[in-house]
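Here is how names work: the chains are called A, B, and so on, in the same order as the sequence lines, proteins then strands, and each is numbered from 1. The structure displayed is predicted, hence computed values, not measured ones.
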Amino acid sequence: MIVQAIGAAFLQLLQMGLVLVAAPLLTGFVSQVRARLMGRQGPPLLQPFRDLLRLLRKEAVVQDETSWLFTATPFLVFSTLWLAAGLVPTFASGLALAPAADLVALVGLLAVARVLTMLAALDTGAGFGALGAVRQSLVAVLAGPAMLMAIFAVAAAMRSTSLPRMAEFVLSGGVEPRLSLAIALLALTMLALADNARMPVDGPGAGSATIGGATSLEYSGRHLALIEAAGMLRLLIHASLIACIFVPWGMALPGDGALAPVIGLGAFAAKMAGAGVALALTEVLSTRIGIRRLGEYGGWALMAGMLAAIFLSVSLGA
Amino acid sequence: MLVRILGNLLRRPPVIPGPGPAPGAEAELAARLDRLSHVRLGRSLAIRQIDAGSCNGCELEISALGNRKYDLERFGLRFVTSPRHADVLLVTGPVTHNMREALYRTWQATPDPKWVVACGACALDGGVFRGSYGVAGGIDQVVPVHLRISGCPPSPAEILAGLVALIEHSARPGSAVGVGPREESVADVAQETVEPPRVAGGVGIHEAHGAGQVLAAPAERGPDRDLGS
Amino acid sequence: MPAILTSVLLLLVLAPLGLARGRGPHGAVLVHGGAVIASVIAAAAALLHLGGFDLGAAAPLRDAALPWLRISFGLDLLSAYFLVAVNLCAAFSSISALGQRREGSLEAGSLAAYPILIAGMNLVPLARDAYSLLLGWGVAGVASWLLLLSSEEAGAGRAARIHLILSGFGLACLLIAFALLGGSSADLSFESLRVAAAASPAGLVPALVILGIAGGIGLAPLHVWLPGILAAGPARVSALMAGAMPVTAYYVLLRAVFDLAGGPGTGWGALLAGIGAATALGAALRALMEADLPRILGVAAVGSLGLVAVGTGGAAVYDANGLPNAAGLALSGALLHGLNHAVFIGLLFLAAGAVVAATGEMRLDRLGGLVARMPWTAAAFLAGGAALAALPPLNGFVAAWLLFQAFLQAPDLADPGLRIGALAVAAAAILSAALFAMVVVRCFGLVFLGRPRSEQADMAADPEPVERWSMLLPAVLCALIGVLPLPLLALIEPVAAALLGTPESSGARAGVLWLAPQAAFGNAYSGLLVLAMVLCLAVLTAAAVRRIGGRAARRAPPWAGGAEPPIAGTPLSASGLAQPILRVFAMQAFAFREEVGRAPPGDTGAARYRLDCRDPVETLFFLPLGRRAGRLLRRAGRGGHLGTPGSVGLAAAALASLMLLAAVLA
Amino acid sequence: MLDFIASLGPAVPGHHPVPRHRLDREAWIALVLRLGEEPGWTLLGEWAEQDRVHCCLCDEAGHVVVATLDCPEGRFPSLSLARPGAVRLERAIQDLFGLNAEALTDPRPWLDHDAWPVRLPLSAAPPPPLGNPEPYPFLPAEGEGLHVIPFGPVHGTVAEPTHLRLTAHGETIVRFEARLGFAHRGIESLVVGRGVEAAARLVARLSGDSTVAHALAFAQAVEAATGTAPPPRAVWLRALLAELERIANHLGDFGATCGEAGVPFIEAECALLRERVAVAAEAAFGHRLMMDRVVPGGVAVDLTAEAAHEIDAALQAVRDGFLPLVRLYDARESLQDRTVGTGCVARDQAMRFGAGGFVGRACGLGRDARRLPGYAPYPELAFEIPVAEEGDADARLSVRAREVVESLSLAEQILDRLPDGPVLAAVDACAGEGLALVESFRGEVMTWVRLAEDGTILRCHPRDPSWLQWPLLEAAIERSAVSDLSLCYRSFNCTCAGHDL
């Protein structure tokens, strides 16, 4: 029992460290692949680490008349998302903190991070940053519920909202491929794109059309580093969440041998690489939707989540 | 389109070989700045471009840095929107009086350590617009300049060489300027700034192009301030 | 039990004292201090009873009742739980009132009515027969009407009138419901009602009870007026009326429908859940449209109660369909949220009251920047807001989490229609929670963050320590329940089990540190772990960041693209902040219309903008009705502006006539 | 129109190639009134000297005429009531010359931000500055809950300086206004007293992206004033330079607009094609932007056979690379969802403002200075002027895409038929007045010069097409959502540098 607990704690520690490394790597990998797809050489794979390091070493300029909330938000958002990322099983499922938060609580943590970001943007008071908060609020209002509805469908199929249990359930072959799960996957993917300010919802370099960047306009130095790192963590959370629920294969289960976590790491790296390529392809191939269509997009994601849940609840009863 | 995009993965990017740092620039930069406090930012710089009244020729060439041929991002350089995110202010144009305040405010909004690069003949000393009632004449009249890239407009390769010199420089320990609060007004900075050497000659038809060179200029500042002071 | 009755008696004694000493310097202190003591005693006694420490509750006061009026009081788990909730809210409001000494002399009538309101709300859960229950309800209704009448806020008179109509309407519905429940028997004690209901299940009773309390808790379509009523009174009264009164009404629902009538059954349960979801969703959208802080909070109170109704209705449906575990989860969630509501809505109203008192402003667009000027109020408001928005690790999230876990059981329902209905309700409830997060962002962001948008906001300061504690205590309580919900849930589960008539083990407390309902395997949540981990990681991050990067920082003016700050008009407006969301959600339902009168290029005239947004219920139905009713009332009684003696007389007359009516019917 | 103007006042000798008539005050007012009745007469420009104002008009048949009003009292009746396009030109006249435009519909200062060391810099005796800058009064917007979103003057990532002020309610734009003048370098004052070569260098730096067009317009105006005939080879080479510049800019903007709409692939491809053109230009003419290659009297460098080959190859590469991108644009509904209906300009507004170039042609106005009034060598070349009707961003993009194809064909025709001979003729130093209209990629550049006896510049006014397009951009953005702002902005790509002088 104690050995098991120590093992779980060790895995958890490993996981907390792993996500910190994996998140910038995933972001760097996506931009590298995207650059290659566009025929460019692109920034080096490790560039996100360099960017973060550079920002950490810089002075932080804090806008007049902002409150403690503005300076505390980067730390809180980062640690919230760090915790959230640490809760999603990546290479091994037997994590010590698993009972702290299930999938529903994970959505709650993401919501906390979003609310804090918006409040910090409102704290800067005016102009475009506040408009960024407005736009993010629209994403937030649509993303949270849509995600929960998709989770509803998945959780109903897997009889649990606990991520390790879900992964184990899939691994044990307890779930057959269903249409509803495919729709739920679609909904979760759409949300991942929206929540991470990725194409087709949003994308880098779009000036006044951006959602994601606008809220961090006034941040600088270490605060900005933490906000950017949190963004990378958010991307990793969504990617590993989808990987954990829909392709848990390769993940080390509590009973497996000592080599299993190593295999799990390899499998996780492969999954993230796959997710990165898919994301880069989506970004290169898609057109950014206008913000006036954002409501529709979110509505479709919500509908997809609903539909998945409805299909599932109908088919379960039959 | 899909085929072409996937084909890009196989093709070699049509990128020019990375220009080395502009000759001389790095030594100059190091010599000028070494005595200041030691901050190392590493191979990553964020650039905020500021048009202080240029004819937009320099902007065209700066925009070209992002295309596949020059591919700025491979060096760890990128353009950002907010000066709060920036390390380098890439300033073009003879500072017009109408842009003076805006340039200074943007400079002030940028967190230390930061560099100012004057890009293009007008940015060095006002260029052909020197002497006009509308022009302050040269970036160094308003903010301290660390690196000067001449040419009208300088070609993308020349701008890139200058920026690469800067990033090489910032990757080395002991490079950047000090960090500290400052409250000067535009006038103070202008007074503090020593008139830097001007580029010889105007911009003629034949020397306008290809004669682009990167010069480093001293950044005379107030007393050195250490990080965290 | 005796302790509670004693405190009720104390409250009733305070009323004439308040009337007598109202003009004196110490009248307010006396009344409010007494109210604090009474509610704290009552809450503590009820909590002890809930925890199993029997303080003489075994012998109900039937014998001590007044035989000619057949009033009887007693205490069971359900009563005790609601007494805790009501008295917590009452205690915080009274502390706040105690702290507001600067107001000087309050009107005597208002001072007298305040303890009576608390007493009435205490009497409702204490009652052991329908008659006493209605008496308590009536007393509370009339007292709050008086309090509204004595309020100096604009529109209080109208709010008071509407409140009286709603109370009377509710009372009438409940009367008929109890009469139906009792059938031919004249005995209205709960025991005999239970027996009578079991003998002849009365199908209309749940409908009448729901209708009766709908006005009290603002269920759609009666949600139109409540926010106005809640926003009209002074802060301590609003806190009570929004925090505690609806909880009392909710108690009546549980008592009458679940306990006495044996559960509403699938149909009424589903209806309740549906109405609750619609209410929550509608309220969330409405809250985004409102521009005044108290009104937003009033709407938010309605929405929060909608979630309670969702859980209750869901519990009824599960119970009727043989899923006791799910029913237990849903009802536990609903009960927990009821208590949460009393705490955080009370808190939010008190904080809003402090803001209004400090600035004299209630429009979001005229506030701002208060986080630096009123840091304690801001912290308390943020905690209450996070609870309202169901954000972890606060108590609102625990309730939402339980409700969601309950809804996850929906696929086990046999009826496919019910399954899909449950999904729709869940979706609406979730959406409303997300919208409430935006409501909170909007309120907190515009009231407390950014730069002050009026001189008054710039000059504001935190209230005196006593009043400050009246907000901080509930804020701490919100966090405490959120982080350590298990002790409270251990108290709630027997209540839920008793109501549903199921074994006690159905609930959500299998884990030690975390919630882990037995119904769903592996699902767990621990606010404590989450909070501790986030704080640890934040500290760790801060230390690491400091080590790597140092802590150089400077303050600088905002960067507005190089233009000179501040630029006039840049602060985001309250309606502008909500516009994108409303455009998506409220386009059809709320007739959201924008008109822009643009000047052609070259024209220097002003561009004009107009926004139209209305609650359809209001426009279609209640506006005409309200107009007619208002006319009627004005003609009948000249409404609001009676003097103190006049209003007391009127109140006494109203109470007497209500009692008479009840006695006759009984 | 010519007859009407001639009836108002006598023609001034020595103005070429179009007549200039001197009007008195009554005649000027009659002209203003008549302009109100003739929507087809386009105001091409309005500029001043120290004691007179000129305006240049063009009718539907392509006849161009200049009308002049002497205003020794320092005031003149404004044209703004009849032609809103005159508003900003007259505000600039007020700021620079101190001539008072009577009944000007919008009398706020324009180029003068109270930051110069002098006021009225081009007047006879510039007074010292007031030294107390007042906030610029932006146009009002009324309504509940509006808020202001300011951008700039430092905005975007790589952008020209302008302050954009958006009054919005959430995502709904209620008012959009651009404040310009940040890039005001005082070119009009710098050229005074200089020789034509030195002046040409300054005018070439008015706007770097249309440096060829501005240099060409200046050269043509000077040649008209002095009666110089540039050699035929120079005329053809100039057209080649102009077409290359048009191609490069259209490519860049087409890509940037698509990038703004969120298709980075098209943007990257277009950027590479543009680079191809710039490289060819450098190989052939020694400058990537072909700055200072067009000079009064001809062109500064000749085209060698290898260079011609290089250009031909570049043209072919652009043709091969660009057409698939246009097909891609046409095939992507998601992209057109962003552009169709976004940033609409009404045809009557475009007419009122006399907007030329792709902005006018995208809403059905087919004006093109290469055809009407036309200048050499275009009458000898076969080309079409693409026109669309919708006036939205999509129409502008498609007009520009078709213009690229036309320009490719024009450049190829020029390369095929390039006459031999010298490329530079001497410009006599003599007095004169000249006006030239040259089609830049944005629209027609109108340049007017007056030379002194010694051949130096007495007055030169280069009017960039952006003057007449900025107000339409403002109106177009007002009809869109905040999120479409940069897309709209890019699809116009108005210049600040060219406008601010």
Side-chain angles (χ1 to χ4, degrees), chain A residues 56-57 59-65 67 69 75-76 78-80 82-83 97 99-102 104-105 108-109 111-112 115 118-119 122-127 130 134-135 137-138 140-141 144-145 148-149 152 155-156 159-162 165 218 221-222 226 295 306 309-310 312-314 316-317, chain C residues 369 371-372 389 391-392 397 401 404 408 410-411 414 416 419-420 423 426-427 430-431 434-435 437-438 441 444-446 449-451 511 514 516 520-526 529-530 533-534 537-538 541-542 545 548-549 552-558 560 570-572 576-577 580-581 583-584:
Chain A
L56 282 175
R57 284 170 175 160
E59 171 198 45
V61 177
V62 182
Q63 190 198 307
D64 288 345
E65 296 200 23
S67 62
L69 199 97
F75 294 94
L76 290 176
F78 176 76
S79 50
T80 304
W82 188 9
L83 175 65
L97 282 181
D102 64 349
V104 183
L109 286 178
V112 169
V115 164
M118 278 183 264
L119 285 179
L122 286 179
D123 201 13
T124 61
V134 175
R135 289 181 182 165
S137 72
L138 189 54
V141 160
L148 278 173
M149 288 321 287
F152 202 115
R159 313 298 300 155
S160 176
T161 53
S162 153
R165 296 288 178 99
E218 279 287 341
R222 53 183 179 277
L226 289 175
M306 279 286 281
I310 287 173
L312 197 103
S313 80
V314 169
L316 275 186
Chain C
V371 68
L391 291 176
F397 182 75
W401 191 84
F404 191 82
L408 278 179
R419 266 184 264 150
I420 291 175
L423 269 176
I430 292 166
L431 202 57
L435 285 168
M438 287 317 112
V441 165
F444 190 79
L446 293 179
L449 300 178
R451 88 185 37 233
W514 44 80
F521 87 122
N523 306 358
Y525 162 71
S526 164
L529 273 179
V530 165
M533 282 303 294
V534 167
L537 292 178
T541 310
V545 163
I548 299 172
R554 77 182 145 100
R555 291 248 164 202
T570 44
L572 199 54
L577 181 53
I581 298 177
R583 204 173 47 166
V584 170

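- In this structure, OG in A/Ser137 is found 3.5 Å from CD1 in C/Ile581, a value given to the nearest 0.5 Å.
- Minimum heavy-atom separation, C/Ala434 to A/Val141: CB-O, 3.8 Å.
- At a 4.5 Å heavy-atom cutoff, the contact between A/Ile310 and chain C is made by backbone and side-chain atoms alike.
- If you measure heavy-atom distances from A/Phe152 to chain C, the contacts under 4.5 Å come from both the backbone and the side chain.
- Shown are A/Leu97, A/Val112, A/Leu109; of these, the side-chain contact (heavy atoms from CB on, under 4.5 Å) with C/Val530 is made only by A/Leu109.
- Although no hydrogens or angles enter the test, the distance criterion places a donor-acceptor pair under 3.5 Å between the side chain of A/Arg222 and the main chain of C/Ala552.
- Residues C/Ala542 and A/Phe75 approach most closely at CA-CE2, 3.6 Å, considering heavy atoms.
- Nearest heavy atoms, A/Trp82 versus C/Thr541: CZ3-OG1, 3.8 Å.
- C/Tyr525 has its side chain out of reach of A/Val104: every pair of non-hydrogen atoms, C-beta onward, lies at least 4.5 Å apart.
- A distance of 12.5 Å separates CG of C/Leu449 from CE of A/Met118, quoted to the nearest 0.5 Å.
- Looking only at side-chain heavy atoms (C-beta outward), C/Met438 and A/Leu138 stay at 4.5 Å or farther from each other.
- Between A/Leu122 and C/Phe444 there is no side-chain heavy-atom pair separated by less than 4.5 Å.
- The shortest side-chain heavy-atom distance between A/Val115 and C/Leu391 falls under the 4.5 Å cut-off.
- In plain terms, the two heavy atoms of A/Pro145 and C/Leu431 that are nearest each other are CG-CD1, 3.3 Å.
- Contact between A/Asp123 and C/Gly450 at its shortest, heavy atoms only, is OD1-N, 3.2 Å.
- Note that CG of C/Leu537 and CG of A/Leu83 are 6.0 Å apart. Values are rounded to the nearest 0.5 Å.
- A/Met306 and C/Leu423 make their closest contact through SD-O, 4.4 Å (heavy atoms, listed as atom of the first residue, atom of the second, distance).
- In this structure, the side chain to side chain contact (heavy atoms under 4.5 Å, CB included) partners of C/Ala556, at least two apart in sequence or on a different chain, are A/Val61, B/Arg84, C/Arg554.
- Under the side chain to side chain contact (heavy atoms under 4.5 Å, CB included) criterion, C/Pro416 pairs with C/Arg419, not counting sequence neighbours.
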